[in-house]
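Everything below concerns the one structure shown next.
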Amino acid sequence: MIKTTINGTAYEFDETQHETAVETIRQQCGLTGTKKVCGTGACGACTVLVDGVPMTSCVLPNTSLEARDVTTIEQYRGDKLHPMQQAFMVHDGLQCGFCTPGFIVESIAFFDQWRKEHGTQRPSKEQVAEALAGHLCRCGAYLGIYEAVQSACAGDFDEVQEVIPARVDALEKVTGEARYTVDIQLKGQRVGKILRSPHAHAHVKHLDLAPARAIEGVTAVIDLLDASRKVRFHGHEIAAVAAIDERTAQKALQAIQVAYEVLPAITSLEAARDPHHPAQVWPEKKKKQVPNAAEGLYFPGTWDKNLRNPKLPIASKAPKNARHLVERAANTAHPHLEMTLKNAAQSHTCLEPHCAVARWNKNKDHVTVYASTQACDHLAHSIAEHFHLPVEHVTVHSAYVGGGFGSKLTLKMETIAAVALAKESGAPVSVVLDRHEEMMVGGYRPAVLGELAMSTSPQGDLEALQVHAYADSGIAVNSMVGFLIGSSYNRPGNPRDILDIDTLTNTAPGSPFRGPGGPSAAWILEQGVDQLAHDLQVDPIALRRKWDHNPNSEPLYKWLESLPVWQERSTLPSEERYTRGLGLAMGFWGYFYDPKAEIRLQASAEGFTIRTASQDMGNGTRTVLAKAVAEVFQLQPHEVHVILGDSREVHGPTSGGSRTTSSIWAPAYQAAQQIKAQILQDAKRKRKLNLHALTYIEGGVRDHHNSYTWLELMGQLNERYEAHTRRGYDRAITERIAYTVTQKLGLDIVIGQGNAAAACLAEVEVDKLLGKIRIPRVWMGFNIGRVFVPALAASQIYGGVIQGIGYALHEEKRLDPTTGRLLTTGLEDYRIPGIAEMPEIDIYYAPDGFPHAPGQGVGLAEVCTMPIAASIANAVFHATGWRPLESPIRPERLVKGVQNA
Amino acid sequence: MITIIKHTDELQQAQGEIRAGGTDIQARRRIGISQGPVVDISRLPDLNKIAWDDQQAATVGAHVTIDAISRDKEMIDKYPGLAMAAGALATPQIRVMASMGGALLQRTRCNYFRNADFSCFKKGGDHCPAREGDHRYGVFFDLGPCVFPHPSTLGMVLMAYEATVSIHGQDKRKIDAIYGDGSDPSRDHTLQPNELLTHIHLPAPLPEERASYFRSIGRARAEWPLVEAVVRLQLDDKETIRAAFVAVGGVANVPLRLPHVEKALLDKPATTETFEEAARKAPEGASPLPMTHYKHQLLYGTVLETLQRAYNRVWGGEG
Ligand SMILES: Cc1cc2nc3c(=O)[nH]c(=O)nc-3n(C[C@H](O)[C@H](O)[C@H](O)COP(=O)(O)OP(=O)(O)OC[C@H]3O[C@@H](n4cnc5c(N)ncnc54)[C@H](O)[C@@H]3O)c2cc1C
Ligand code: FES
Ligand code: FES
């Protein structure tokens with residue numbers, strides 16, 4: 001037994017149950033505020049203080065806690081809330097909140113040290129970055145974190161009693177009280193584990209689960225293969241077990257006997273393009289089980305062995321003519337261009353892994369599932385369908401979600417396994433992917449190869465465009481890259497030949513990732529446009545303006561032209577070792593919404609409660625709902641109680657396709673208005689308030705004599721109010737038809753009128769000798785109409801920018817070329833940006849973009865990430881004269897490229 | 001089974017892999033590539049001190065943390081290359097936990113090794129999957145069957161300091177001896193199981209010496225180096241280089257000293273030209289793998305940068 005003190009309380013634990021401190025703290029001591037993410041010391045999520053010193057508890061032996069004084073995030077609650085936590089709340093140093101406890105305890109230790117040495121001097125960003133170098137935040141809350149740490153150290157929060165948080169669930173997140181799915185510990189909960197294929201492609205000839213069942217402590221063993229009995233990628237789920245503890249579950253996995261007939265496998269995009277390759281990923285005639293990597297939209301297509309050619313609605317136009325024109329241009333002196341561009345696959349690597357905890361009722365006819373999902377309502381329906389249950393017999397909870405970015409939109413194996421194992425176990429079962437599994441099957445943006453050809457007319461018009469995009473989403477299809485390129489610079493009359501080919505490989509399925517297809521489409525096309533502007537010696541803005549057909553881009557061009565940094569840019573790359581460059585890229589995104597999204601608002605003397613079966617993965621759903629009500633009643637958003645993440649509530653939107661805000665703001669606002677009108681009516685009737693003499697004051701009303709808060713008024717009226725509203729359609733007929741189509745595809749989504757537009761101007765500093773790129777600043781312009789909660793919109797943009805920087809410079813999912821097994825299994829090898837990568841970000845919103853949308857605004861989570869990587873590539877070209885055709889632009893690529901240029 | 005020993009005498013009976021700070025071994029145990037019993041040495045007494053003799057030479061106990069080395073005023077003053085490297089590697093949290101012994105004797109960070117899905121020489125296998133597969137972050141000097149660079153930043157730095165180490169119950173060994181020549185792919189160091197590294201001995205610094213450490217990485221911070229280097233220089237009052245020590249990491253499966261670069265510096269004026277010429281020699285004799293040709297420029301650039309930083313006494317490390 002080991003004795004230790006945690007947060008001032010004495011603990012005694014059996015050190016043989018687990019080896020490292022993080023499991024002991026979370027599981028044996030029940031202090032789940034501390035999170036485990038990478039398990040290798042790379043991300044800092046598990047940081048705790050040991051005798052006041054921050055340590056990563058995932059690699060700290062639990063025996064090293066003996067006789068130590070340990071502090072976890074749980075220490076800082078209630079009246080012990082630290083100024084640092086207040087600073088994080090105010091400056092929005094968090095989104096999903098999963099990394100937050102680690103950042104906070106580290107920052108508190110930094111604060112203590114800083115105060116000792118420097119008093120209330122403000123630390124520099126450099127100093128903060130150095131102190132927080134051991135922490136990673138996938139949502140990209142770094143700018144808020146800088147500001148929080150700097151201002152707290154400077155004493156801005158020393159005397160503050162109460163703060164107004166930027167997001168309404170900030171307090172739960174900065175105190176570690178927010179319970180994520182990984183934190184759920186039900187009575188008698190079993191540990192579920194999945195057996196995965198060691199082969200990229202094989203036929204399972206024989207699967208013997210009996211030896212696993214025979215092990216003491218094993219409570220369930222299930223088969224996860226489909227009728228084909230095939231495994232099509234390394235990591236493909238074969239079976240799952242549940243047991244009383246982790247060790248027994250591992251033992252059970254090892255006991256399962258599998259006989260494979262190993263089949264030839266395709267492990268790269270190039271191999272998939274080879275018509276003579278012996279392997280075929282989907283030989284079946286009917287391809288029903290093929291997963292979709294796009295965010296909903298699904299274009300049926302034709303198959304040619306391992307290639308699939310979807311029929312895109314708006315892509316090619318007179319393709320033969322386009323081919324002819326680019327060929328002609330190539331053979332004459334016509335201005336034209338041909339380039340092949342590539343993107344590596346980008347893993348979502350949400351800090352909370354895919355996970356689920358399932359519990360059946362006694363009769364085994366109702367299941368409750370806690371899941372880390374972006375779609376609690378939709379997931380309940382999918383579970384019901386999969387397990388043949390009436391949907392009322394399925395409840396999904398997802399109160400807090402540690403990041404999603406598109407990877408948690410659908411029913412996946414961890415949830416299926418948890419539900420099935422729980423049924424067989426007669427006890428709750430959790431299935432939590434470890435980081436290796438998460439990196440393996442947790443989703444990624446596909447690897448893309450784009451063959452681009454463009455020709456221009458003597459007048460500088462885009463004469464013809466040819467793009468053949470090949471995307472490797474593993475065994476899944478639909479990258480949307482070609483579709484998005486086809487929807488760009490689409491002036492009437494330009495012939496274009498667009499192919500959007502899925503190259504099927506025996507690798508894990510990709511899944512939608514923030515603006516699916518967008519960053520790749522921009523990488524290809526925006527670099528082409530930039531190159532042509534350079535070749536034609538015309539201003540890149542002028543050229544785009546001439547070619548762009550999205551009317552919403554125009555205000556952004558105006559804004560870009562007005563930027564002094566753009567006006568003063570140099571024209572020639574420098575010969576020096578260190579050079580600077582500026583690059584521009586545009587993006588656009590559809591305006592999506594869920595017309596059936598509903599809101600239930602209740603109000604009484606006890607307060608306001610708003611509910612819908614949606615969720616908040618850090619995108620700010622809770623805050624948007626609270627803000628809509630608060631705006632109507634002139635309250636502070638955190639005074640409104642929001643209930644989310646429960647599928648039993650009224651239908652709420654899936655958080656994907658930038659549709660959440662555009663679906664819920666309007667009905668929430670409307671519900672609040674309805675209730676307000678009722679209260680006033682009642683007040684007039686019962687209390688003889690003179691409506692004409694009323695003025696609104698903060699949080700209430702006053703007439704000639706008195707002022708009342710809304711709560712007082714409702715108390716005196718002794719009434720409870722309830723409003724139930726629905727989003728509805730913008731334009732009834734056409735959108736209703738479109739909805740019927742998308743709903744058939746299992747989607748609650750409508751494409752509204754008009755496209756959101758974004759522009760990104762990036763500044764880079766390049767060290768050509770050591771291949772290093774730094775991004776000091778980016779300027780982002782948007783045309784998205786009204787911005788509902790500016791602080792949170794900014795946070796979304798910061799996240800989009802930093803994920804775009806990761807895509808451009810650092811992130812690359814790598815597989816062993818021979819076996820197709822994953823090499824980037826953790827956060828050390830798969831490099832997501834840290835706090836020091838975060839640039840300064842200037843944001844501009846064009847006014848008046850979406851007058852026809854209810855609330856006048858649309859989503860921005862996806863459009864904000866589309867142009868980032870391309871703008872960086874263009875900036876690198878500007879700085880060096882070398883065009884980075886392949887992402888990420890890691891040092892090894894840059895030094896090679898610049899050398900050969 | 002985890003045995004915590006409190007006295008070096010218990011070492012003989014105890015069976016298992018040694019554990020000090022745990023930052024490397026626990027990461028490997030988590031993914032199942034280190035299994036079996038563990039001997040925890042973190043409570044052995046008297047190993048967490050830095051001692052100085054009358055020549056101003058330091059002896060560092062195996063338990064002294066990397067963080068302590070990076071902050072110790074005397075170390076910073078006398079062995080700036082070592083202190084700088086200690087402050088630049090890994091993350092702040094790791095540095096406070098990691099011991100000097102572990103820093104020198106940690107296992108390779110090869111993605112194939114640290115992945116239960118592959119077999120390799122270091123896991124009892126008979127081939128190196130990285131050689132046939134993805135070795136983009138592999139070696140530039142191909143010294144033996146294993147193609148992943150040696151992980152130890154501080155081992156590399158100590159080569160330039162010509163340090164020696166004590167193994168419990170044995171004679172002192174030169175630091176080079178614990179790494180060998182890279183021809184044995186099955187290990188990362190030459191210690192036998194149950195051999196305990198107790199102390200690191202640093203010779204007294206040269207009068208007026210200057211030093212620097214620098215690593216080439218992709219991100220701004222907290223990344224394993226693509227190439228790293230340490231340089232120590234001693235100049236006379238005419239700015240002629242009288243002593244030079246140059247070692248590099250990230251390029252071979254053992255830490256490497258570069259005598260030919262040192263030779264190109266000796267007795268030359270400490271000028272940009274001399275540094276460039278010497279740095280250009282760094283890649284000489286390399287045997288790059290198909291995917292590591294880019295390290296040619298990075299090695300040249302890193303050595304050049306480190307030489308200039310050493311000359312200018314620039315404190316830093318990551319870049
Ligand atoms: C994110 C991250 C980045 C990192 N970056 C770097 C880097 O850039 N450069 C670098 O050099 N390192 C880096 N490291 C590795 C780090 O330096 C090592 O993990 C650490 O030094 C190991 O020390 P430890 O005391 O925790 O060793 P342990 O994990 O306890 O042991 C490591 C190994 O050494 C053996 N061992 C330890 N002490 C002794 C002893 N006294 N006698 C005999 N054998 C012993 C053990 O048997 C074990 O095999 C990084 C680590 C992380 C997590
Ligand atoms: S979980 Fe411990 S550092 Fe990432
Ligand atoms: S808030 Fe940092 S990972 Fe989500």
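Convention: sequence-line order gives letters A, B, ...; per-chain numbering from 1.
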Chain B contact via A:T56 - side chain, backbone, both or neither, heavy atoms under 4.5 Å: both

Contact class of B:I4 relative to chain A, heavy atoms under 4.5 angstrom: side chain

Report yes if the side chains of B:I69 and B:L154 come closer than 4.5 Å at any heavy-atom pair, otherwise no. no

If you tally heavy-atom pairs under 4.5 Å between each of A:P891, A:P61, A:A836 and chain B, the highest tally belongs to A:P61

Report the option among A:A42, A:P54, A:G771 that has the most heavy-atom pairs separated by less than 4.5 Å from atoms of chain B. A:P54

I'd like to know whether NZ of B:K123 has more than 12 heavy-atom contacts from other residues, nucleotides or ligands below 6.0 angstrom. yes

Counting heavy-atom pairs under 4.5 Å with chain A, the top scorer among B:I31, B:T91, B:D134 is B:D134

Enclosure of A:K125 NZ (heavy-atom neighbours >12, cutoff 6.0 Å): yes

Using non-hydrogen atoms only, which part of A:T819 is less than 4.5 Å away from chain B: side chain, backbone, both, or neither? side chain

So which part of A:V895 gets closer than 4.5 Å to some heavy atom of chain B, the side chain, the backbone, both or neither? both

Can you tell which of B:H293, B:R28, B:R109 has the highest number of heavy-atom pairs within less than 4.5 Å of chain A? B:R109

Counting only non-hydrogen atoms closer than 4.5 Å, does A:E106 touch chain B with its backbone (N, CA, C, O), its side chain (CB onward), both, or neither? side chain

Contact origin within B:T302 toward chain A - heavy atom pairs under 4.5 Å: both

Using 4.0 Å as the upper bound for N to carboxylate O, is an ion pair formed by B:K6 and B:E10? no

Tell me, side chain or backbone of A:T825 under 4.5 Å from chain B's heavy atoms, or both, or neither? side chain

With chain B, the option among A:H810, A:E15, A:K896 that has the most non-hydrogen atom pairs under 4.5 Å is A:H810

Salt bridge (charged side-chain N to carboxylate O under 4.0 Å, His left out) contacts in which one or both residues fall within residues 90-103 of chain B, not counting sequence neighbours: none

Return the option, out of B:V96, B:L304, B:V38, with the maximum number of heavy-atom pairs under 4.5 Å with chain A. B:V96

Please lay out, stage by stage, how B:N115 and A:H436 fare under the test side chain to side chain contact (heavy atoms under 4.5 Å, CB included). CA-CA 9 Å; B:N115 186 331; A:H436 186 161; 3.5 Å; yes

What part of A:A109 gets within 4.5 angstrom of chain B, counting heavy atoms only: side chain, backbone, both, or neither? neither

A:K193 with A:E246: basic N within carboxylate O range, under 4.0 Å: yes

With the threshold set at 4.0 Å, does a side-chain nitrogen-carboxylate oxygen contact exist between A:R890 and A:E812? no

A:E765 versus A:Y578, side-chain donor and acceptor atoms under 3.5 Å: no

Residue part contacting chain A, namely of B:D67, when any heavy atom lies under 4.5 Å: neither

In terms of heavy-atom pairs under 4.5 Å with chain B, which of A:C58, A:G834, A:P888 leads? A:C58

Please look at A:R435 and chain B and tell me whether the side chain, the backbone, both or neither of the residue comes under 4.5 angstrom of a heavy atom of that chain. neither

For the rings on B:F148 and B:F113, is their centre-to-centre separation under 6.0 Å? no

Proximity breakdown for B:L298 and chain A, heavy-atom pairs closer than 4.5 Å: both

Interchain contact, A:L822 with chain B, by part (heavy-atom threshold 4.5 Å): backbone

Below 4.5 Å from any heavy atom of chain B, which atoms of A:P198 appear? Answer side chain, backbone, both or neither. neither

Can you tell me how far CG of A:L65 sits from OG1 of A:T24, rounded to the nearest 0.5 angstrom? 7.0 Å

Evaluate the salt bridge (charged side-chain N to carboxylate O under 4.0 Å, His left out) criterion for residues B:K122 and B:D188: first the C-alpha distance (whole Å), next the side-chain angles of each, then the deciding distance (0.1 Å), finally the verdict. CA-CA 8 Å; B:K122 287 191 164 59; B:D188 294 296; 3.8 Å; yes

At a heavy-atom separation under 4.5 Å, does A:Q899 approach chain B through its side chain, its backbone, both, or neither? side chain

Chain B: which of A:R831, A:R893, A:H234, A:R821 shares the most heavy-atom pairs with it under 4.5 Å? A:R831

With A:Y830, the side chain to side chain donor-acceptor pair (under 3.5 Å) member among A:E811, A:R814, A:K813: A:E811

Greatest number of heavy atom pairs closer than 4.5 Å to chain B - which of A:T40, A:T63, A:V53: A:T63

ring-ring contact (aromatic ring centres under 6.0 Å, His included) with A:F13: which residues, sequence neighbours excluded? none

